[in-house]
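Here is the structure we will look at.
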Amino acid sequence: MANTKKTDKPNILYRLFKAYVRFVHDRIYYSRTYSLQTEHIPADGTPLLIVSNHQNCLNDPLGVLFAIRDRKPYFITRADVFDYHPLIGKFLHTIGLLPAFRIDYEGEAALEKNETTFLMSERELVNGRTVVMYPESGHQDKHWLGAFSFGYTKLAFEAAKLDDFRTEIFILPACNHYSDYFHIQEQMLVKFGTPISIRPYYELYRTRPRTAQREVNALVRRQIEDLMLDIRDLDNYPAIDFLRNTWGRKYALSHGYDAEELPDRLLSDRAFVAALQQAQTTDGDAMRKVYDDALRLQNGIRKMKISDDLFDRPLSWGVILGRTGLCLLLLPAWLFALWPNALNLVIPALIQRRMTDRMFYGTFLLTISTLFTIPVLYALTFVLTWMYVNVWVAAVYLATLRFLTLFAWHYRRFFIRTLQAWRYRMHLKTETLQALQALRADIHHRLNRLLKK
C-alpha cells in the first residue's frame, strides 16, 4: 500500500450529526444493515476512490458513509438531486455530497461547473482523502448494472497527475443491495471488493489516457458485477424478479442459504438468476413460457390481494381468528402510536407525489424524517407532554417514541398479513384460486426440471 497522508478524521460536530443520522438509518429506517468485507478498505489516509453501483438515491451514499466508519468522504453525485427541496440540498452538502452536472440532464453549459467539483475532489484525493463516485451517472430502478461513465477514472488519474504521478491512488469497487427499495424496516448491505492500484497504469495514461481508463474501468466493473445482483435480461426482468422473490426462497433453502439474511439471499439470488440465464440459453422456448406464466401468476395474486407464500404456508382458521383478536386487542395501542409517527410517512409521501421518479421515495422519507419530522415532532411531543403532564412522563414518552414507531409499522404489516390470510381462506374453494394453485405448481415443476438440466 502507499504511504498514507492526511487522515479523514471529521470534527466533533460532524461526528455528532453523523451519529444521529446513523441512529435513524440503522435503528428506525432499516431493520438490519450489513457492512461486508470492510477489511479490504485501505488504511485511513490512503488516497481512495470508492466506486459503486447506484440504485437507491441518497440511501446508497449513506450506506457507504456508515460502512467506512470514522472517515469523512466526499461524494460526487448527480446535480439534480440538490434541487428537489432546499432541505435536501443543505443536507447533501452537510454530509459531503458534491454536484456533478451531466449533459443529458443539466445541459452542455452546466458542464463548466464540474471543473470546480472535480478539481476539489482531485486535490482531496491526492492528499489522502476518500472520494465516492457512482459511474452509472444516475440510479437504476432495478437490480442491474448500467453503463459506466469514465469520469471517475479520469478523476483518479488527474489526481495522480497533480502530484506528478508520485502518489499511489487506489480504487475500491463496492456494491449496495436492498431487500426492498420502498418500505422501512427492510434490510440493506454494502459490500466491498479488492482495492485496485492505478499506479501500474500511470505511464500508459501519459501517452494513451483513454486506453488506460478503459483498462482500469474493465477491472472495476468486473468486480462490481461479481459483488452485486446483476439481472441483465431486462426484457424478462419483471418475471425474473417475481420468481426471485417467491420461488427463489425455496432455491435458497435447498442450496444451504439463509433466506432471511440479506447477505445469504444476495448469494442465493445471484446463483438463482445465473441458473435461469443458463436455462434460457439451453431451452429458450421453455423459459419464455415459464416467464409468461410467472407474470400471469403474479397478476392473479395481485388481483386477489394475497401473498404468494400463503400457498405453501396457509394459516388455519384458528390462527387467523387468533391474529384477528390480537389485532383488535392492540388497536388502541396502534392508534396511540400513530402520533407523531404517521406524519413521518405521510409528509414525504405527499412531497413524493410531485416527482416522476419513484426511486426518490426512500430519499424523501429518510431525509425529511431525519431533518424535520423526527426532531421537530419529537421535540413538540416532549414539550406538550411536559406542559400538560410533567417532565418525567415527557422524558419517558420521548424515550419510547422509537419503539412506538417500530410497533406502528409492524402492527400494520401484521394487520395486512392477517387480511391476506382471510382472503386466501375465503377463496380457497373458488375456481380462481384453485387455478392459481395449479398454475403455480406447474411453474415450480417446470423450474425444477429446467434448472437441473
Side-chain angles (χ1 to χ4, degrees), residues 48-65 67-68 73-84 92 95-107 110-111 113-114 117-118 121 125 130-157 171-178 181-182 188-193 196 198 210 213-235 237 240-241 266 269-270 273 355-363:
L48 182 65
L49 175 60
I50 298 176
V51 176
S52 177
N53 65 322
H54 200 17
Q55 296 184 355
N56 205 1
C57 304
L58 176 63
N59 302 51
D60 289 350
L62 283 179
V64 173
L65 176 68
I68 59 179
Y74 294 89
F75 296 87
I76 300 179
T77 188
R78 49 192 287 181
D80 61 330
V81 301
F82 291 81
D83 299 327
Y84 277 95
L92 299 183
I95 64 172
L97 266 67
L98 302 173
F101 299 87
R102 301 157 298 165
I103 190 171
D104 293 338
Y105 294 86
E106 289 80 30
L111 295 182
K113 300 178 182 179
N114 283 334
T117 294
F118 278 72
S121 302
L125 184 59
T130 301
V131 176
V132 184
M133 294 186 71
Y134 299 92
E136 290 168 287
S137 300
H139 56 257
Q140 310 298 342
D141 62 349
K142 301 176 179 68
H143 293 283
W144 65 284
L145 191 61
F148 276 17
S149 165
F150 281 10
Y152 78 98
T153 56
K154 182 178 180 182
L155 184 144
F157 281 114
I171 298 179
L172 179 62
C175 88
N176 53 72
H177 187 66
Y178 302 84
Y181 293 130
F182 305 110
M188 68 87 62
L189 67 79
V190 175
K191 189 174 185 178
F192 296 98
I196 299 170
I198 65 169
R210 198 65 177 173
Q213 289 177 259
R214 277 197 300 268
E215 291 187 10
V216 170
N217 178 71
L219 295 175
V220 174
R221 185 181 176 91
R222 191 177 305 122
Q223 279 205 40
I224 295 177
E225 288 173 343
D226 290 341
L227 291 170
M228 66 176 287
L229 176 61
D230 185 17
I231 303 176
R232 301 178 187 180
D233 186 359
L234 296 182
D235 291 337
Y237 184 93
I240 293 172
D241 201 47
L266 174 57
D269 285 349
R270 282 175 48 83
V273 170
M355 310 302 168
T356 57
D357 190 345
R358 68 193 296 256
M359 297 304 293
F360 275 104
Y361 178 72
T363 293

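Note that the structure is a prediction, hence the values are computed from the model and not measured.
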Is the shortest heavy-atom distance from the side chain of Val64 to the side chain of Pro73 under 4.5 Å? no

Just jot down the side-chain hydrogen bond (donor to acceptor under 3.5 Å, both in side chains) partners of Asp226, sequence neighbours excluded, or say none. none

What pairs with Asn53 under side-chain hydrogen bond (donor to acceptor under 3.5 Å, both in side chains), at least two apart in sequence or on another chain? Asn176

Quick one: does Leu155's side chain get under 4.5 Å of Met133's, heavy atoms only? yes

CD1 of Ile224 to CD of Glu136: how many Å apart, nearest 0.5 Å? 8.0 Å

Contacts of Phe157 meeting ring pair (Phe, Tyr, Trp, His ring centres under 6.0 Å) (sequence neighbours excluded), chain-then-number -> Tyr205

Atom pair CG (Asp269) and CD1 (Ile231), whose distance is rounded to the nearest 0.5 Å: 7.5 Å

Return the orientation label for the Tyr178 and Tyr181 ring planes: parallel under 30°, perpendicular over 60°, tilted otherwise. tilted

Show the nearest heavy-atom pair for residues Leu49 and Tyr152, with the distance to one decimal. CD2-O, 3.4 Å

Closest heavy-atom pair and its distance - Ile196, Pro173: CD1-CG, 4.0 Å

What is the minimum heavy-atom distance between Val131 and Ser121, and which atoms define it? CG2-O, 3.9 Å

Who are the salt bridge (charged side-chain N to carboxylate O under 4.0 Å, His left out) partners of Arg232, not counting sequence neighbours? Glu225, Asp230

Output, in order, the C-alpha distance, side-chain angles, deciding distance and verdict of side-chain contact (heavy atoms from CB on, under 4.5 Å) for Asn59 and Met188. CA-CA 9 Å; Asn59 302 51; Met188 68 87 62; 6.0 Å; no

Nearest heavy-atom contact between Ile171 and Ile198 is CD1-CG2, 3.8 Å

Can you tell if the side chain of Phe75 reaches within under 4.5 Å of the side chain of Leu65, non-hydrogen atoms only? yes

So, do Tyr74 and Leu125 sit near enough that their side-chain heavy atoms are less than 4.5 Å apart? no

Could you grab the distance from atom CG of Asp241 to atom CG of Asp233, nearest 0.5 Å is fine? 12.0 Å

Could you grab the distance from atom NZ of Lys142 to atom CG of Leu234, nearest 0.5 Å is fine? 7.0 Å

Here the pair of heavy atoms bringing Gln55 nearest to Trp144 is NE2-N, 4.2 Å

Under the rule for ring pair (Phe, Tyr, Trp, His ring centres under 6.0 Å), what residues qualify as partners of Tyr134, not counting sequence neighbours? His54

Nearest heavy-atom pair of Pro135 and Ser52: which atoms, and what distance? CD-O, 3.5 Å

Who pairs with Asp60 by salt bridge (charged side-chain N to carboxylate O under 4.0 Å, His left out), at least two apart in sequence or on another chain? none

Parallel, tilted or perpendicular, judged at 30° and 60°: which one describes the rings of His143 and His177? tilted

Mark yes or no for whether Gln223, through its side chain, and Gly193, through its backbone, hold a donor-acceptor pair below 3.5 Å. no

Can you tell me how far the CG atom of Leu62 sits from the SG atom of Cys57, to the nearest 0.5 Å? 11.0 Å

